[in-house]
Amino acid sequence: MAASEMDIVSELESRQLVSQLAGGDELRAHLAGGSRTVYCGFDPTADSLHVGSMVPLLTLKRFQQAGHKPIALVGGATGLIGDPSFKSAERQLNSTDIVADWVERLKPQLSQFLDFDCGVNSAVLANNLDWTQGVDMLDFLRDVGKHFSVNAMIQKESVRQRIDREGEGISFTEFSYMLLQSFDFAELSQRYDCSVQIGGSDQWGNITGGIDLARRMYGKQVYGLTTPLVTKADGSKFGKTETGTVWISPQLTSPYAFYQFWLNVADADVYTYLRFFTFLPPTRIDEIEASDKASGARPEAQGILAGEVTELVHGKPGLEAAQRISRALFSGAIDSLTATDLEQLALDGLPSTEFEGGGLSIVEALVRSGLAKSNKMAREFIGNNAVSVNGEVVNSNDFELSGANALEGKYFVLKRGKKLFHLGRLSQ
RNA sequence: GGAGGGGUUCCCGAGUGGCCAAAGGGAUCAGACUGUAAAUCUGACGCGCAAGCUUCGGUGGUUCGAAUCCACCCCCCUCCA
């Protein structure tokens, strides 16, 4: 490995990807001194990762590219408990079956970003349930619990609002979460000689807990690094769209919707996101930013970002499908699409609905397609000129969809608002 | 187990017998302006075309009338044991 490749901390800093360092210069020297083993944990809180999980996950990949060995840990055990860090309320426990199922779904998602066949620094996929479920409770309390001071734990910022805030509390279950994650780090330091843990900055308390535990249990010096939480300049929550969370899974968020999400990133955020979510060199990103600023026209950054991230997550075919739909729908020439084009859009992931029987009213079509939640909302959208069918604005509640005004005798491209499209098909 | 404080529409949070489908803020959605940005302004924001209907932890009462009063139950928080 070239020496330049090894200076991963500086590389991450140039991308503004370092929030906190546990170990500072010592950690830099440690990473510069050879190929190290680095881990990051992902708890199964749903049946897919979402875009927010991508920052630490891609950071893990960056470590691997720099010659280090990544461990992607899926929290089969910790997912049963629930991390209280910066959560405002106690959460509902999920059943063991559900968590086990989610673990299985997360595994391939974690794996797709890492290289498992590149020699000494091949990635490892681990599950903390493997070393947690057999541990005897009394042993755990004696060997692990004894190293933690409750006085110190309740001082952690991550649980502060649960303890200080009137009306909220924290169960012993969630409070013990830190012990489990700390135990993971100590265990990985033994099993894999893992010496670095990374995570989002909300994981700082859990990471430092692990560093202390590894030292106390095994006399091992280990380190930590956190990445910033992804924020949005306007203060709203990152990773949500009008249709909900943006997931990695193509079943939950189509490549088209995924692509659109990135295409719609605000100017104020897009260059930061290029640094966080792509592997383009920082110098290249600076160039893009400079050229966008100079042009005064619509920035190119969003298109580049959407292209890079969509390809990374959904591959070339996914990206191409997303771009096909985007071009077709936003070009304004909807009425020139052929039946083949329209069927392809449905295959590419444009949401679609079969409309049985003959003609139906626009109001009903909006509700059945999910573009409006209720008849009332549908009428309101129509009243606001927010609805169009096959490119033509609909301005009457009495508008009917029928073979006569369909594209190719059976297709309708329904649009609500500026960006939400749906394909309707009449079936006889 | 004891004492006290709470549970209101997506979230926060007012409301303590009719003027309450329920203030205010946030989030969200639509329109205008734009670049499928941001900011700003306007409008919507339980369901229903409407008459009206269903909501304020649950169940049952009191009352002409309840989110508001009473009883019991469930859940949460604080302090004490």
Mate of [N] where both pairing distances stay under 3.5 Å, Watson-Crick or G-U:
N     : answer
B:U36 : none
B:C19 : none
B:A44 : B:U28
B:A3  : B:U78
B:C72 : B:G58

Nearest listed nucleotide, side chain of [X], among [options]:
X      : options             : value
A:S374 : B:U36, B:G48, B:G31 : B:G48
A:P299 : B:A44, B:A37, B:G35 : B:G35
A:R416 : B:A30, B:A37, B:C49 : B:A30
A:R379 : B:C29, B:C49, B:U34 : B:C49

Which value, in whole Å, describes the distance between the [atom1] atoms of nucleotides [N] and [M]?
N     : M     : atom1 : result
B:G48 : B:G31 : C1'   : 24 Å
B:G18 : B:A66 : C1'   : 9 Å
B:C73 : B:G65 : P     : 27 Å
B:G15 : B:G25 : C1'   : 16 Å
B:A67 : B:G58 : P     : 11 Å
B:C64 : B:C47 : C1'   : 27 Å
B:U8  : B:U40 : C1'   : 33 Å
B:G61 : B:G17 : C1'   : 15 Å

I'd like to know if [X] pairs up with [Y] as an ion pair, taking the criterion as any Lys NZ or Arg NE/NH1/NH2 lying under 4.0 Å from an Asp or Glu carboxylate oxygen.
X     : Y      : answer
A:E90 : A:R162 : yes
A:R28 : A:D25  : yes
A:K87 : A:D83  : no

Would you tell me if any nitrogen or oxygen in the side chain of A:R298 comes within less than 4.0 Å of OP1 or OP2 on B:U34?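 Answer no for this pair, as no side-chain N or O of A:R298 is under 4.0 Å from OP1 or OP2.
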Between A:K376 and B:A50, is there a side-chain N or O to OP1/OP2 distance below 4.0 Å? no
For [X], report the nucleic acid contact type (base, sugar-phosphate, nothing); a contact means any heavy atom under 4.0 Å.
X      : value
A:A268 : nothing
A:N397 : nothing
A:E90  : nothing
A:D234 : sugar-phosphate
A:F330 : base
A:V265 : sugar-phosphate

With nearest nucleotides of RNA chain B determined for A:I170 and A:Y259 from heavy-atom distances, which residue corresponds to the more 5′ nucleotide? A:Y259
Using heavy atoms to find the nearest nucleotide of RNA chain B for A:D267 and A:S171 separately, return the residue whose nucleotide is more 5′.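 Closer to the 5' end of RNA chain B: A:D267.
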Is the base of B:U36 touched by the side chain of A:Q302 through a donor-acceptor pair closer than 3.5 angstrom? no
Classify the side chain of A:N384 versus the base of B:G43 as yes if they form a donor-acceptor pair under 3.5 Å and no if they do not.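 It does not, because no donor-acceptor pair links the side chain of A:N384 to the base of B:G43 below 3.5 Å.
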Separation of atom [atom1] in [X] from atom [atom2] in [N], rounded to whole Å:
X      : N     : atom1 : atom2 : value
A:D292 : B:G35 : CG    : C1'   : 11 Å
A:N385 : B:A44 : CG    : C1'   : 15 Å
A:K87  : B:C11 : NZ    : P     : 18 Å
A:N375 : B:A50 : CG    : P     : 11 Å
A:L371 : B:U28 : CG    : P     : 19 Å
A:R91  : B:C76 : CZ    : C1'   : 18 Å
A:K293 : B:A37 : NZ    : C1'   : 13 Å
A:K373 : B:G46 : NZ    : P     : 8 Å

Between A:Q302 and A:D267, is any side-chain donor less than 3.5 angstrom from a side-chain acceptor? yes
Please determine, by modelled atom types, if A:S352 and A:H422 share a side-chain donor-acceptor pair under 3.5 angstrom. no
Applying the side chain to side chain donor-acceptor pair (under 3.5 Å) criterion to A:Q109, which one of A:S48, A:S249, A:S53 satisfies it? A:S48
I want to check something: taking the side chain as every heavy atom from C-beta on, are A:L312 and A:T278 in contact at a cut-off of under 4.5 Å? no
For a side chain to side chain contact (heavy atoms under 4.5 Å, CB included) check, start with the C-alpha distance between A:N206 and A:L180, then their side-chain angles and the critical distance, and finish with the verdict. CA-CA 9 Å; A:N206 293 330; A:L180 283 180; over 6 Å; no
